[in-house]
Structures are given as structure tokens and as C-alpha cells.
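Side-chain atoms are counted along with the backbone in the values below, which use heavy atoms only and exclude waters and symmetry mates. Both counts, for ligands and for their atoms, begin at 1 and track the order of listing.
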Amino acid sequence: MAGIKLKGVRKTYGGGTEIIKGLSLDIGDGELVVLVGPSGCGKSTLLRMIAGLESISAGDILIGERKVNQLEPSERDIAMVFQNYALYPHMTVRQNLSYGLRNRNVPKDEIERRILKAARSLEIEPFLERKPRQLSGGQRQRVAMGRAIVREPAAFLFDEPLSNLDAKLRVQMRVEIKRLQRSLTTTSVYVTHDQMEAMTLADRLVVLNEGQIEQVGTPIELYERPATAFVATFIGSPSMNLLEMAKGGFDLVERSFPQNARTLGIRPENLEPAGTGKPTALTAEVTVRAVELVGAESYVHGSLPNEQDIVFRIPGRSQIAIDERMSIGAVREDLHFFDGTGQRISEAQS
Ligand SMILES: Nc1ncnc2c1ncn2[C@@H]1O[C@H](COP(=O)(O)OP(=O)(O)OP(=O)(O)O)[C@@H](O)[C@H]1O
Ligand SMILES: [Mg+2]
């Protein structure tokens, strides 16, 4: 077992622009860190550098106490799980699981022991003699997980492993992965685009933006106190509303907001129709443009008098009509303020 340390890691592909720009991060032994960020920000590149599939242009990567910059992937004691699980189609599940171990000259009875253990915990024991094409997508993904597990590596790297599965299976596998990672306590780095996956799996979340870390913290820290407007809109779904202070179109009841505030952030779930009796610090008149019913709740898309867009959530099925006008409000502790550079203004919360 081992933690992973990234120290000032940089990556430039073939003399082009820098993709990873001096990134440092300490991943604790047994920790599950989730990497999120927009497409192209360097998530896969970073994983591949840790795995040894991509060279490092500058900086150091340590796995445990060992500097691995120059080591081959096979020498790094890391297992990677991808979105397209790349199982060998002509081999049975059992052979797929044992292949890597046979190559490493692990004794036969030890291979057998590990396969059985992994197969039991992933519930793929009944399929061991089948070929991958005789399995469902979810079962194949389990086999891919199994192949990583039987190696008993120092760390797992996951690159959007569930993105090919349908919504229901994703949730199942998400729970499964969390349970497995807890019981194996293997250091893991997990890349996903899925908000729920990120929030529920992560011990710590890392938000990447253009090859740099925007913020690191527990999911709840990032949700409650995003350090930048970028993180604020990236964590949480639907995204936090960002309103320009200068454009107005809303009333801040308490005049205690910071003078250097350029942007006011407010989450859809923190806005409520007026008249709920709570002491609101912000109120606004909204013209309803669209209503989305998503089961237990509805999202109302509206616009403020000055045409700034705003989204808010209401519980249950809404009876709200398009073009209807309504008053909404939010309490002081749910307001986030950002300065002209997008940095959170902290004293706003005190
Ligand atoms: N082999 C390569 N040669 C040159 N540029 C590359 C190479 N691989 C990736 N890039 C570039 O590096 C940047 C980061 O790519 P990367 O695949 O790490 O992004 P990502 O964050 O994983 O995105 P996504 O969420 O879409 O998977 C992109 O601009 C991409 O075009
Ligand atoms: Mg990627």
C-alpha cells in the first residue's frame, strides 16, 4: 500500500503548449481522490503520467517512497481501469483475470486464490468460463475491475470507468466501487464527468482547470465554500447561478455584502419562492421561461428584470406557468461573493 505524491509535475506534448502546468498534490495512503474538470483540462494526461504511459516533462511522481519518473508502467505497481474495458475477446473471464498474473509468474494456486476472491466480491463467479461477448456491459465492467483487483496493486487509476454504462448500472457500480475501495483500502485516483459520482465517491475532490488545480477539498467543502467562481459552477448540478452585481435585477436586503464583490453566486437549490417565512437576504422578481420536471423536483428557468438568467428548484411537481412572474429569495449564508478575478471573498461568510 502506498500514497502518491505529485511534485511540480508538468507535461508538454511534442514541443506544443503546456498541458499540465506545475501540479502538486499529495494523495494519502488508501485515499480515494476524484479528479474533475472540463474536457481537455488534462485529467487523462495526468493519470497516464502516474501510470507511466506518458512521460513527465518536469517534476517528480512518487508512489510510496519511490520516485517512479523513469520506471516502466509494469514496474510501478499500479492498475488502471478505463471506460472501454479492453478485455481480451478470445479469452474466458477466468483467463482475462489471470493473464496479467501469469505474465508476472505468480504461482498457480495464488492466482486461483486471487481470482476466486475478486470474483466473489464482484459477483462474477458464475461467469468465469464465459467469453466477454457473452456478458452484459455491466458484467464486463466488473471483469475489468476484477482484472485490476487481482493484481493487488499499490494504487488504482480509474479513467471514467462507468461512462459506457446506463444510468441505473452506473449507480450500482458506483456503490460497488466505493464498497470495494473501502474494503481494499487501496489508494485510488478516479476521473469522472459525473457530478454524483464525484460527490459520492471522493474522499477528496480535485478540480482541474487548464492543467492546474483550482481547488482541493472534501466534496462538501467544495460545495459549500467554492474557492473560485469556476469551482462554484463546476461543482453542483444544476450549476450555481452567477449574477453580475453591476447588472443588478435583484435586491440584496442586507447591505452588508462586500464592496469588491463583482459576482453573486447562488445555488438553484438555495432559492425559494418568497413568503416561506425565512429571513431572506436576497429577493428577486423572476419571469418564468421554462420548467423542467425531474421527478421529485422541478427546475424553473427564469429571467430577472434585466434579463440575467436564473435557475431555481422547487420541490414536487410545479403548477407554474410560462411567463408567470414570481418572487424568490435566499438566506444570507447561501450567498457566495466573488471578486473581479473570480476569487471567493471569504469575509462575506463571516
Ligand atoms: N498524445 C497527445 N499529443 C498531443 N496532445 C495531446 C495528446 N493527448 C492529449 N493531448 C491534448 O492534451 C490536452 C489534455 O488532454 P486530456 O486527454 O488529458 O484531457 P481530459 O481532461 O482527459 O479530457 P476529457 O474530459 O475530454 O477526457 C488536450 O488539449 C488534448 O488535445
Ligand atoms: Mg480524458
Side-chain angles (χ1 to χ4, degrees), residues 4-25 27 32-61 63 68-73 76 78-87 137 140-141 144-145 148 155-167 170 173-174 177 187-202 204-217 219 222 226-239:
I4 299 173
K5 281 193 180 66
L6 308 177
K7 294 184 177 173
V9 169
R10 293 177 183 275
K11 178 68 185 181
T12 308
Y13 283 110
T17 49
E18 199 169 50
I19 302 295
I20 301 291
K21 301 168 180 168
L23 191 149
S24 297
L25 179 66
I27 300 165
L32 196 167
V33 162
V34 173
L35 287 183
V36 295
S39 184
C41 72
K43 303 178 297 294
S44 296
T45 298
L46 193 61
L47 277 197
R48 293 171 59 80
M49 287 162 82
I50 298 172
L53 300 169
E54 237 14 288
S55 64
I56 306 166
S57 306
D60 287 319
I61 297 180
I63 299 173
V68 299
N69 297 24
Q70 305 298 335
L71 296 185
E72 291 296 318
R76 295 193 183 193
I78 270 183
M80 195 150 169
V81 183
F82 301 92
Q83 155 182 357
N84 34 3
Y85 5 87
L87 300 175
R140 275 181 226 165
Q141 190 57 9
M145 284 283 303
F156 293 126
L157 305 178
F158 298 94
D159 198 350
E160 308 196 41
L162 307 184
S163 52
N164 277 349
L165 305 180
D166 66 40
R170 272 171 94 130
M173 283 300 291
R174 183 175 91 207
I177 287 177
T187 309
S188 302
V189 187
Y190 192 106
V191 171
T192 182
H193 271 113
D194 186 306
Q195 282 283 327
M196 282 297 283
E197 241 167 81
M199 294 296 282
T200 56
L201 281 176
R204 278 190 306 158
L205 257 177
V206 176
V207 180
L208 277 190
N209 183 17
E210 296 184 357
Q212 286 176 314
I213 293 179
E214 280 274 326
Q215 191 175 3
V216 183
L222 269 58
T228 63
F230 180 88
V231 174
T233 53
F234 209 82
I235 302 293
S237 175
S239 284

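Distances from the Mg ion (ligand 2) under 2.8 Å pick out these protein N/O/S atoms: S44 OG.
Distance remark: protein heavy atom present below 4.0 angstrom from atom 3 (N) of ligand 1. The nearest protein heavy atom to atom 30 (C) of ligand 1 is not closer than 4.0 Å.
Enclosure of atom CD in E18 by more than 12 non-hydrogen atoms of other residues, nucleotides or ligands within 6.0 angstrom is indicated.
Between R174 atom CZ and L165 atom CG the span is 12.5 Å, to the nearest 0.5 Å. With values rounded to the nearest 0.5 angstrom, K5 atom NZ is found 11.0 Å from L25 atom CG. Taking CD1 of I61 as the reference point, atom CG of L46 lies at 7.0 Å (rounded to 0.5 Å). Put simply, NZ on K43 and NE2 on H193 are 4.0 Å apart, with the number rounded to the nearest 0.5 Å. The distance from the CG atom of L6 to the CD1 atom of I56 is 8.5 Å, given to the nearest 0.5 Å. Taking OG1 of T17 as the reference point, atom NZ of K11 lies at 12.0 Å (rounded to 0.5 Å).
Counting heavy atoms from C-beta on, the side chains of V34 and M199 never come closer than 4.5 Å.
Atom 25 (O) of ligand 1 has as its closest protein heavy atom K43 NZ, 2.7 Å. Here the heavy atom of the protein found nearest to atom 18 (O) of ligand 1 is T45 OG1, 2.6 Å. Annotation: atom 5 (N) of ligand 1 to nearest protein heavy atom, Y13 CD1, 3.3 Å. Of the protein's heavy atoms, S39 OG, 2.5 Å lies nearest to atom 26 (O) of ligand 1. Summary of contacts: the protein heavy atom closest to atom 17 (O) of ligand 1 is S44 CB, 3.7 Å.
The shortest N or O to N or O distance between G37 and ligand 1 is not under 3.5 Å.
Taking 4.0 Å as the cut-off, E160 counts as a neighbour of ligand 1 on heavy-atom distance. Ligand 1 has H193 within reach: a non-hydrogen atom of the residue lies less than 4.0 Å from it.
In summary, of the residues considered (L53, I78, V189), a side-chain contact (heavy atoms from CB on, under 4.5 Å) with L47 occurs for V189 alone. Considering V206, I235, V191 as possible partners of V36, the one that fulfils the side-chain contact (heavy atoms from CB on, under 4.5 Å) test is I235.
Of all the heavy atoms of I19, the ones lying under 4.0 Å from any atom of ligand 1 belong exclusively to the side chain.
When each atom of ligand 1 is checked for a heavy atom of G42 under 4.0 Å away, the hits are 14 (C), 18 (O), 19 (O), 20 (P), 21 (O).
Summarising the geometry of L205 relative to A198, their closest heavy-atom pair is CD2-CB, 3.8 Å, with the distance given to 0.1 Å.
In the candidate list G211, G40, S163, G40 is nearest to atom 13 (C) of ligand 1, counting heavy atoms.
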*Chi angles and distances behind the side-chain hydrogen bond (donor to acceptor under 3.5 Å, both in side chains) call for T192, E197*: CA-CA 7 Å; T192 182; E197 241 167 81; 3.0 Å; yes
